[in-house]
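Report on one structure; see the data block that follows.
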There are 2 protein chains.
Amino acid sequence: MFIANTVTKVTRQTTEPLRDQILQRCRLMLMGGHIVPGQKLPLRPLAEEFETSLMPVRDALNRLVADGALEMSNSRTIRVPDMSDERLLELHEIRRSLEGLAAEYAAPLLSNAAISRLEQLIDDMETALRSGDYDTYISSHYSFHFTIYTAAGRPTLLGMIDVLWLQVGPWFRQGIERANSTDGKPNAGHKRIVAALRARDPVATRASVEHDVFANIEYIRKGEFPLAG
Amino acid sequence: MFIANTVTKVTRQTTEPLRDQILQRCRLMLMGGHIVPGQKLPLRPLAEEFETSLMPVRDALNRLVADGALEMSNSRTIRVPDMSDERLLELHEIRRSLEGLAAEYAAPLLSNAAISRLEQLIDDMETALRSGDYDTYISSHYSFHFTIYTAAGRPTLLGMIDVLWLQVGPWFRQGIERANSTDGKPNAGHKRIVAALRARDPVATRASVEHDVFANIEYIRKGEFPLAG
DNA sequence: TTTAGTATCATGTGATATCAAAAATATATA
DNA sequence: TATATATTTTTGATATCACATGATACTAAA
C-alpha cells in the first residue's frame, strides 16, 4: 500500500510479460487518478509491491515517461508531472483536433447497438456522479469516448488519443471531484454527441466532440473546473 | 556494419545515458531511411556494434516500439514495420491535422530571419534533389518543416509530430528516390507555405501545410510516388 | 541561528547470468 | 526431392549486482 491502494501483485505468465502487466496497472492508476501529481514512483518500492525485480518495473515506467504520463527529473527521479495551465491548454488543443478527427470517421460506422450503449453509459455517469462514485464515473466516461474513437478504425490515432488521456488523467480526477459540487452538466455535451451519431452526421459529430473536449478548458478559464494543480 | 552503415560506437559519458545516445542514432537511421522496412533489429548484434551491453539497446528499442517506429511481433522480434496503404493513409491524416495545427500557431510567431532560412532550405532541397543527394534532401526537408513547427511553441504537439515523421521516415526515403525520377515539384508546396508565412496568415499557412502533407498521398494514389512497400 | 562541509542513503543506469521460447539448422523419413 | 522431425542456436525477458550521482541528514564552525 505504498504507492497506491490499487497496487496488486503480478504473476509470471507465459502469455503476458510482467512489464505489460505492470504497465497496465500503472495506466489504470493514472487514468483513475489514484496516483497524484507530484508523487514519486521509485523503482525499488514499486518492484517490491509488485513482487518482481526492478527490470519489468523499469520497462513499464520508461514507457510511461516516453508517453509523457510520467516525467523524469534531471536527477533521474520519476514522478507524476505537475500540470501547468499552459500544458493543459496544449493537451486539450491536441485532443480537440484528434478526437474530432476520430469522431468524424466514427460517425457513419457506429451501430445502433453501440449508440444505445453510449446512452447507457451516460446514465451510468449520471448515477455515479450523484453518488460521488468517481471511479465508476471516470471508467464510464472513458468507455463512452473510446467506444466512439475505436469505431473509427484508426489504430494509430486511437493510440495517440489514449496517450493524451493518460496525460490528462490525474488532473481530470481532481477536476471532476471539484466540478461536481458546483456544476453537474458535463453530460449535456455527451447527449449532443449521441444525437449527432444517431443522425449519422460526421460534421455534427465532430463539432459536438470538439465542443465537449473544449468545455473542460472553458470550465478552467471560468475557475469552475480548476483542473490545474 | 551489420545493421546499417551508419552505426557507430557510443561512449559512456557522465552527461548523456548510453540509452539516449543509441536512441538518437537509431532515430537518425530511421528518419534517413538507412534501416529498411522488414529488417530485424536483434538486441545482441546491435549491442555488439554499439559496444555496450544489452540494456541500453533494449531501452532505446523499447522506446521506438512505443513510438510506433518499430514493431514487436508476437514472438518478440523487433523489426521495422512494413507500410500498408491503410496505415500510410492514416498517418497522413493525422499528420495533416497536427501539422496544420502547429503551422497555424506558428504563422504569427516566425521571425523574418527564420522565414529567410526556410527559403534557403528550399534551395538546399532543390540542389540536393538534382544531385541525387537524398540524405541532404531529407535533412533539409526535416529542418524546413520543424523550423515552422518548433516556432509554434507547443512542445507536446511537436513531440507527437516528430513521432509521426519517425514512423513515415523509412518509406519517405523510398518514395523520394522514386518520385525524383518522374516528378520534381514537391517544392511548389513549400513555396506556398513560405508565402503564407511571409503574409503572417495563419489560415493560409495551415491550408498550405495541410495541402503539402497530403500531396504525398496524392502521389501515392496516382502511383507516381509509391511509398507503400 | 545560520551556513558550509561531510557522511549516508536513495535512485536510475548499465553489466552479466540465466531461462524459456522461438527460429534456424540438421537430420530423418516418405 | 519434399516434408516432417529432432537438435542446435538465437532471442528477448527477467533477476541480480555494481556503480555513479544526486538528495538528505547531520555535524561543526561562525
Side-chain angles (χ1 to χ4, degrees), chain A residues 2-4 7-27 35 38-82, chain B residues 2-4 7-27 35 38-82:
Chain A
F2 176 71
I3 303 296
V7 174
T8 57
K9 191 175 67 169
V10 293
T11 58
R12 195 165 187 169
Q13 304 170 353
T14 53
T15 52
E16 198 180 16
L18 294 177
R19 174 215 334 159
D20 293 344
Q21 297 181 50
I22 293 170
L23 179 60
Q24 179 61 11
R25 277 171 173 70
C26 290
R27 288 171 58 89
I35 314 182
Q39 181 171 351
K40 288 187 197 172
L41 294 177
L43 298 186
R44 267 161 263 253
L46 260 181
E48 208 171 321
E49 294 197 48
F50 286 124
E51 297 185 24
T52 71
S53 72
L54 294 185
M55 297 309 303
V57 178
R58 195 166 103 88
D59 288 344
L61 264 54
N62 276 343
R63 169 62 183 270
L64 291 169
V65 170
D67 285 343
L70 300 176
E71 70 176 2
M72 184 174 296
S73 73
N74 47 10
S75 68
R76 305 276 154 80
T77 306
I78 296 173
R79 65 174 70 232
V80 183
D82 287 318
Chain B
F2 177 70
I3 303 297
V7 174
T8 57
K9 191 175 68 170
V10 293
T11 58
R12 193 163 187 171
Q13 303 170 355
T14 53
T15 51
E16 197 181 16
L18 292 177
R19 172 211 342 149
D20 294 344
Q21 297 179 52
I22 293 170
L23 179 60
Q24 179 62 11
R25 276 169 174 72
C26 290
R27 289 172 59 88
I35 313 181
Q39 181 171 352
K40 284 189 197 172
L41 295 177
L43 298 185
R44 266 164 262 251
L46 260 181
E48 207 170 322
E49 294 198 48
F50 286 123
E51 298 185 23
T52 69
S53 72
L54 296 184
M55 297 309 302
V57 177
R58 202 170 98 86
D59 287 344
L61 263 53
N62 277 341
R63 168 63 184 268
L64 291 169
V65 169
D67 286 344
L70 299 177
E71 71 176 2
M72 184 177 296
S73 72
N74 47 10
S75 68
R76 307 283 150 76
T77 306
I78 295 173
R79 65 174 70 230
V80 183
D82 286 319

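Residue numbers start from 1 in every chain, and the chains themselves are labelled A, B, ... in the order their sequence lines are given, proteins ahead of strands.
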Here the distance between atom C1' of dG12(C) and atom CG of D20(B), to the nearest Å, is 12 Å

Nucleotide dT16(D), atom C1' - distance to CG of L54(A) in whole Å | 9 Å

For R63(B), all residues meeting salt bridge (charged side-chain N to carboxylate O under 4.0 Å, His left out), sequence neighbours excluded = D67(B)

Just how far is it from atom OG of S53(B) to atom CZ of R44(B), taken to the nearest 0.5 Å?
-> 11.0 Å

Distance test, side-chain N/O of R76(A) to OP1/OP2 of dG22(D), below 4.0 Å | no

Residues in salt bridge (charged side-chain N to carboxylate O under 4.0 Å, His left out) contact with R58(A), at least two apart in sequence or another chain = D59(B)

Atom CD1 of I22(B) and atom P of dA15(C): how far apart are they, to the nearest Å?
-> 8 Å

Whole-Å distance separating the CZ atom of R58(A) from the P atom of dA10(C) = 20 Å

Length of the line joining N74(B):CG and dA20(C):P, which is rounded to integer Å | 21 Å

Taking atom CZ of R19(A) and atom CG of L61(A), what is their separation to the nearest 0.5 Å?
-> 13.0 Å

Rounded to whole angstrom units, what separation is found between the CG atom of L43(B) and the C1' atom of dT16(C)?
-> 15 Å

Residues that D82(B) engages under side chain to side chain contact (heavy atoms under 4.5 Å, CB included), provided they are two or more places apart | P37(B)

Mapping M55(A) and T77(B) to their closest nucleotides on DNA chain D, which lands nearer the 5' end?
-> T77(B)

Atom-pair distance (CG on L61(A); P on dT13(C)), nearest Å | 10 Å

Atom CZ of R79(A) and atom P of dG12(C): how far apart are they, to the nearest Å?
-> 11 Å

Residue-level proximity of residues 63-72 of chain B to DNA chain C when a heavy atom falls under 4.0 Å = none

Test side chain to side chain contact (heavy atoms under 4.5 Å, CB included) applied to T77(A) - qualifying residues, sequence neighbours left out = K40(A), S73(A), S75(A), R79(A)

Gap between atom CG of L46(B) and atom CZ of R25(B) - 0.5 Å precision | 12.0 Å

Would you say N62(A) and N62(B) make side-chain contact, with heavy atoms under 4.5 Å?
-> no

Using only side-chain N and O atoms of S75(A), determine if any of them is under 4.0 Å from OP1 or OP2 of dA23(D).
-> yes

About how many Å separate CG of L54(B) and CD of E48(B), when rounded to the nearest 0.5 Å?
-> 10.5 Å

Give a yes/no answer on whether the side chain of K40(B) brings an N or O atom under 4.0 Å of OP1 or OP2 in dA24(C).
-> yes

Every protein N/O within reach of nucleotides 5-10 of chain D N/O, cut-off under 3.5 Å:
none

